[in-house]
Amino acid sequence: MNSMIRKSLPQVGRAAFRQQNAKMSGGLPHALYNNVWKKSNVSYLTYIVVGCVVVEAVYGSVTNYIWDTYNYGKLYHQIDWSKFKSEDEDDE
């Protein structure tokens, strides 16, 4: 009887390990779903708002970089205004 309990104990441990491993195998989306989205509506909305702000910051930075690179020398803040200043202007 004692040997039978000893043999079945590792099997119970293995089954529990498999069950725990199956729960954790979902990866990041599964962890977000359980820990953030299902937790409360406030945390879900906060996650959405912060995600939108981060995506907008990255998208805006990349878009501005591409625009400035493509239009280098043609934008208002890049013009050398000293070339257009005339000597005979009245400064009053």
Separation between NZ (K74) and CG (D68), nearest 0.5 Å, reads 12.5 Å
What residues, two or more places apart in sequence or in another chain, satisfy ring-ring contact (aromatic ring centres under 6.0 Å, His included) together with Y76? W81
Is the backbone N or O of Y65 less than 3.5 Å from a side-chain atom of T69, with the two atoms forming a donor-acceptor pair by type? yes
Return the set of residues passing side-chain contact (heavy atoms from CB on, under 4.5 Å) with E56 (not counting sequence neighbours), or none when no residue passes. none
For V42, all residues meeting side-chain contact (heavy atoms from CB on, under 4.5 Å), sequence neighbours excluded: S40, T46
Hey, are the side chains of W67 and N71 touching, using non-hydrogen atoms and a 4.5 Å cut-off? yes
In this structure, OH of Y70 is separated from CG of L75 (nearest 0.5 Å) by 12.0 Å
Does N41, at its CG atom, have more than 12 non-hydrogen atoms belonging to other residues, nucleotides or ligands within less than 6.0 Å? no
When clusters are formed by joining ILVMFWY residues with side-chain heavy atoms under 4.5 Å apart, either directly or through shared neighbours, do I48 and L28 land in the same one? yes
